[in-house]
Every structure is written in C-alpha cells, then in structure tokens.
Chemist: 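Provided herewith is a single structure, encoded as structure tokens, for subsequent inquiry.
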Amino acid sequence: MKQFLFCVLIMLIGKTCALIPRTYETRFISITSNGTNLFDFSQIRFLGRERMANGTFELKEDLDNESFSVVGETFIDSVGDGEYKQLPFTAPKQSVCTALKAYWSYFEPSIKYGVKTDFPAHTHPCPLPKGIYYIKDVVLKNDNWPVIMPRGYLKAVANLFKNDEYGGSLEIVSQISDLS
Ligand SMILES: *[C@@H]1O[C@H](CO)[C@@H](O)[C@H](O)[C@H]1NC(C)=O
Ligand SMILES: *[C@@H]1O[C@H](CO)[C@@H](O)[C@H](O)[C@H]1NC(C)=O
Ligand SMILES: *[C@@H]1O[C@H](CO)[C@@H](O)[C@H](O)[C@H]1NC(C)=O
C-alpha cells in the first residue's frame, strides 16, 4: 500500500511511472450506471476471454461545466467475496470538464478516438456533448496506471451531481492480477 501511494504521488508529479513496466494485467469485469436521466451505459457487452467492451453509451444531456460536477472514489475487493474496501485514491468534487481533462489519460491508451470510439474525449470537449457513442473492442490497458497496484477487483465510481444534487453514478469494475 505504501508503494502504491508513493506511485500515485509520483504520477501527480510527473509521468515517470509510465516508463516502468507494469507487473500486473487488467481486464474489464463490468460497467454499470444508475443515473438513467443523465446517462446510460447499459448497452455495453464484454466479449471473449479478454472481456473486450463493445456497444454504445448515451449522454442524455450536454454535461456543462457549470451545472455538472463529479466525485470519484475507488474500492478494492482483494479476495473476490464482494467486500470492497475504500482506497485512498479519490477525486474531490470538481466540474465535469475539469475531471475529464484530469483523468482521461488513464483511459486514453485503451480507447483511441476514431478506432475504439467516436466520443472525442481526447479533445476534452466542454460541455461533454449529448449523444450516443460507440465503443468497439476495447481492452483495458494499464499503460498510464500506477506501477504498483493492489491485486483484486478494483471498482472506480464516478458520482455525478447536477446543480449539487446527486444525479447518478458510473461504476467500472476491473480485475487486477499478476502478469500471466
Ligand atoms: C462490436 O460492435 C461492433 C458494432 O459497434 C460490431 O461491428 C462488431 O462486430 C462487434 N464485435 C464483436 C466481436 O462482436
Ligand atoms: C470548468 O470549471 C472549472 C472551475 O469550476 C474551471 O477551472 C475550468 O477552467 C472550467 N473548464 C472549462 C473548459 O471551462
Ligand atoms: C448508484 O450506484 C452507486 C455506486 O455503486 C451507489 O453508491 C448508489 O447508491 C446507487 N444509487 C442508486 C439510486 O441506486
């Protein structure tokens, strides 16, 4: 855990950690959302042993920087019994455009624009434009992730607020295991 925190710190300071090879691999387990008025991620399937994500997601409104804010939290279930413990790796409440800009790099290597999606996240669009977008054959890559990660089921939750009222959550669960 100490090393994990250390590397999170390094990541905040620079990109040094991207140069060090990872000793773990990651794969998608699930993506769920429950903010059905604002977004819908229920049309994504996971294919094959690699659990490639394929399907569409929808933003039902323009998510503008003034009305919408997000809080991020992470949890780990080390043994797979469904008991998640919170990790210190969190994102304080911030406007959606700021959050996209700050955290997109974790997903950028996995979801290249024009190949894996038509959602232009790499341009940090603001507002996040309403629409239905595809994601195609997306395998979770950990290139920009911390060098040291706990093993197990990692749950990342983004809680969305509209005018400071809770509007729903997006939950991504991935499995982190030793390189096989
Ligand atoms: C993934 O979805 C696309 C359509 O978005 C489809 O063309 C493709 O065949 C799907 N891939 C697999 C492996 O089913
Ligand atoms: C979004 O809002 C934050 C402050 O709430 C500001 O720092 C940031 O520059 C804004 N981003 C855009 C693209 O307007
Ligand atoms: C939506 O999902 C989040 C994250 O899993 C959970 O904390 C929240 O209670 C859920 N809200 C509703 C209304 O189901």
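First listed ligand is number 1; within each ligand, the first listed atom is number 1. Here the structure is a predicted model, which is why all the values come from computation and not from measurement.
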Chemist: Cation over ring, Lys162 on Phe68, under 6.0 Å and within 45°?
Modeler: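 Geometry flag: not set, cation outside 6.0 Å or 45°.
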
Chemist: Do Glu108 and Asn144 have side-chain atoms, one donor and one acceptor, less than 3.5 Å apart?
Modeler: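 Per modelled atom types, Glu108 and Asn144 side chains form no pair under 3.5 Å.
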
Chemist: Does Ile176 reach the side chain of Trp145, with side-chain heavy atoms less than 4.5 Å apart?
Modeler: yes

Chemist: Mark up the atoms of ligand 2 that fall under 4.0 Å of a heavy atom belonging to Ser95, in ascending order.
Modeler: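 Once the distances to Ser95 are compared, the set is 1 (C), 2 (O), 3 (C), 4 (C), 5 (O).
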
Chemist: Do any N/O atoms on Asn34 end up under 3.5 angstrom from N/O atoms on ligand 3?
Modeler: yes

Chemist: With a cut-off of 4.0 Å, which atoms of ligand 3 are near a heavy atom of Glu171?
Modeler: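 Listed by number with element, the hits are 4 (C), 5 (O).
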
Chemist: Tabulate distances under 3.5 Å between N/O atoms of ligand 1 and N/O atoms of the protein, writing both atom names on each line.
Modeler:
| from | atom 1 | to | atom 2 | distance (Å) |
| --- | --- | --- | --- | --- |
| ligand 1 | 2 (O) | Asn54 | OD1 | 3.3 |
| ligand 1 | 2 (O) | Asn54 | ND2 | 2.4 |
| ligand 1 | 11 (N) | Asn54 | ND2 | 2.9 |

Chemist: Using a strict cut-off of 4.0 Å, indicate which atoms of ligand 2 neighbour a heavy atom of Asn65.
Modeler: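 Those qualifying, in numeric order: 1 (C), 2 (O), 3 (C), 8 (C), 10 (C), 11 (N), 12 (C), 14 (O).
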
Chemist: Show the atoms of ligand 2 that are less than 4.0 angstrom away from any heavy atom in Thr98.
Modeler: 1 (C), 2 (O), 3 (C), 8 (C)

Chemist: Taking the side chain as C-beta and beyond, is there a heavy-atom pair between Lys136 and Lys116 under 4.5 Å?
Modeler: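 Side-chain contact under 4.5 Å: no.
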
Chemist: Are Phe57 and Tyr134 an aromatic pair, judged by ring center distance below 6.0 Å?
Modeler: no

Chemist: Once rounded to the nearest 0.5 Å, what's the spacing between atom CG of Asn34 and atom CD of Glu171?
Modeler: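 Rounded to the nearest 0.5 Å, the CG-CD separation comes to 8.0 Å.
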
Chemist: Show, in sequence, the C-alpha distance, side-chain angles and deciding distance for Lys93 and Asp164, and conclude whether the salt bridge (charged side-chain N to carboxylate O under 4.0 Å, His left out) test is met.
Modeler: CA-CA 10 Å; Lys93 196 172 204 179; Asp164 282 330; 3.0 Å; yes

Chemist: I'd like to know if Lys85 and Asp77 make a salt bridge, using a cut-off of under 4.0 Å between side-chain N and carboxylate O.
Modeler: no

Chemist: Would you call the rings of Phe41 and Phe39 parallel, tilted or perpendicular if under 30° counts as parallel and over 60° as perpendicular?
Modeler: perpendicular

Chemist: Could you see which bit of Tyr84 sits under 4.0 Å from ligand 3, with heavy atoms only: side chain, backbone, both or neither?
Modeler: neither

